[in-house]
Amino acid sequence: AQSVTQPDIHITVSEGASLELRCNYSYGATPYLFWYVQSPGQGLQLLLKYFSGDTLVQGIKGFEAEFKRSQSSFNLRKPSVHWSDAAEYFCAVVTYSGGYQKVTFGTGTKLQVIP
Amino acid sequence: EAQVTQNPRYLITVTGKKLTVTCSQNMNHEYMSWYRQDPGLGLRQIYYSMNVEVTDKGDVPEGYKVSRKEKRNFPLILESPSPNQTSLYFCASRRTGESFYYGYTFGSGTRLTVV
């Protein structure tokens, strides 16, 4: 069965610093990969997605993610973090199982941004 | 505006008192789903619906019911709530087939407390 691991429960970065949030997946084939962001009191919003092709994908709000097949990873990055990026971030894997699409979410990484 | 609307946003109830959380989407999406979010566990799927009158269990369906009589609505029913159902609930919808590329649109969440 597929699984998603976000090893960092909580990350603190200074405003203006770079950011990398880790995501590792377990699946027999190349899955479809997503990153979502959840601002306080809000639902999840899609940041970016990967299906095939270029392994570096660009998303909204200046985020990007790189798919590395050899490491089974899909890490989220941002060169310069803004205070408004403080939120919880979820990696998700979409796979096919028995003809149906299955979405599996990671447990989330909470980002704190300090001035 | 394209959106998923959940009601209520906050609900406190007592053990055993039946309740319904409503979910409505205005995007004509075929697929709708309910998730619960608990600290350290991420999002877990409760039930999903591929289309009208087609529903199926997710990963944690015990204690919940759903119905899909109309395409736009997908209510979550707790017939006899218990304290372990205290959680943050999200409804989400998406198009099916190749359109799952677009990912989910999430509602703003319902925070349920069962005392």
Side-chain angles (χ1 to χ4, degrees), chain A residues 1-10 21-25 30-53 57 59-60 63 65 74 76 87-110, chain B residues 1-10 21 23-25 27 29-51 54-60 87-111:
Chain A
Q2 69 274 15
S3 65
V4 181
T5 302
Q6 293 181 248
D8 303 305
I9 298 172
H10 194 115
L21 303 182
R22 297 184 290 166
C23 173
N24 293 96
Y25 68 90
T30 299
Y32 299 107
L33 297 155
F34 297 76
W35 274 99
Y36 286 86
V37 59
Q38 184 182 25
S39 298
Q42 301 297 315
L44 280 72
Q45 180 185 19
L46 182 65
L47 272 180
L48 49 77
K49 54 189 181 286
Y50 172 79
F51 303 113
S52 63
V57 294
I60 62 171
F63 285 91
F74 188 56
L76 182 70
E88 190 158 19
Y89 293 80
F90 292 90
C91 182
V93 165
V94 179
T95 59
Y96 278 91
S97 176
Y100 293 98
Q101 295 161 356
K102 169 75 174 174
V103 182
T104 303
F105 286 89
T107 52
T109 298
K110 191 164 289 188
Chain B
E1 179 188 356
Q3 59 185 357
V4 176
T5 303
Q6 291 178 233
N7 280 298
R9 289 293 306 273
Y10 301 92
V21 184
C23 174
S24 180
Q25 50 96 3
M27 296 163 283
H29 286 169
E30 295 85 4
Y31 187 103
M32 298 185 74
S33 183
W34 278 101
Y35 287 87
R36 62 178 288 174
Q37 182 181 13
D38 301 289
L41 297 177
L43 279 82
R44 295 178 293 168
Q45 191 176 45
I46 303 170
Y47 269 95
Y48 64 93
S49 170
M50 299 287 285
N51 214 323
V54 181
T55 63
D56 207 348
K57 297 176 180 178
D59 297 316
V60 289
S87 187
L88 179 58
Y89 291 87
F90 287 102
C91 181
S93 73
R94 60 176 172 81
R95 290 158 63 183
T96 54
E98 65 175 358
S99 300
F100 85 85
Y101 296 172
Y102 297 95
Y104 280 120
T105 299
F106 280 87
S108 297
T110 296
R111 185 166 292 282

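If you're wondering where the values come from, they're calculated on a predicted model, not measured in any experiment. Within every chain, numbering begins at 1; the chains are lettered A, B, ... in the order of the sequence lines, protein sequences first and strands thereafter.
- Contact annotation for A:Leu44: both backbone and side-chain heavy atoms come within less than 4.5 Å of a heavy atom of chain B.
- In this structure, the portion of A:Gln38 lying under 4.5 Å from any heavy atom of chain B is its side chain and not its backbone.
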When you look at A:Val94 and B:Tyr104, which way does the side chain to side chain contact (heavy atoms under 4.5 Å, CB included) test go after all the steps?
-> CA-CA 11 Å; A:Val94 179; B:Tyr104 280 120; over 6 Å; no
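- Here the side chains of A:Phe105 and B:Leu41 are not in contact, with every heavy-atom distance at 4.5 Å or above.
- Looking at B:Arg9, the atoms closer than 4.5 Å to chain A (heavy atoms on both sides) all sit in the side chain, from C-beta outward.
- Once rounded to the nearest 0.5 Å, the distance linking CG of B:Asp59 with OG1 of A:Thr104 reads 7.0 Å.
- Summarising the local packing, CZ of B:Arg44 is surrounded by more than 12 heavy atoms from other residues, nucleotides or ligands at distances under 6.0 Å.
- Annotation: side chain of A:Thr107 is not in contact with side chain of B:Leu43 (no heavy-atom distance under 4.5 Å).
- For A:Tyr36 and B:Phe106, the ring centers sit closer than 6.0 Å to each other.
- Of the two parts of A:Gln6, neither the backbone nor the side chain holds a non-hydrogen atom closer than 4.5 Å to a non-hydrogen atom of chain B.
- In this structure, the side chains of A:Phe90 and B:Gln37 come closer than 4.5 Å at one or more pairs of heavy atoms.
- Taking A:Ser3 as the reference, A:Ser26 meet the side-chain contact (heavy atoms from CB on, under 4.5 Å) condition, with sequence neighbours excluded.
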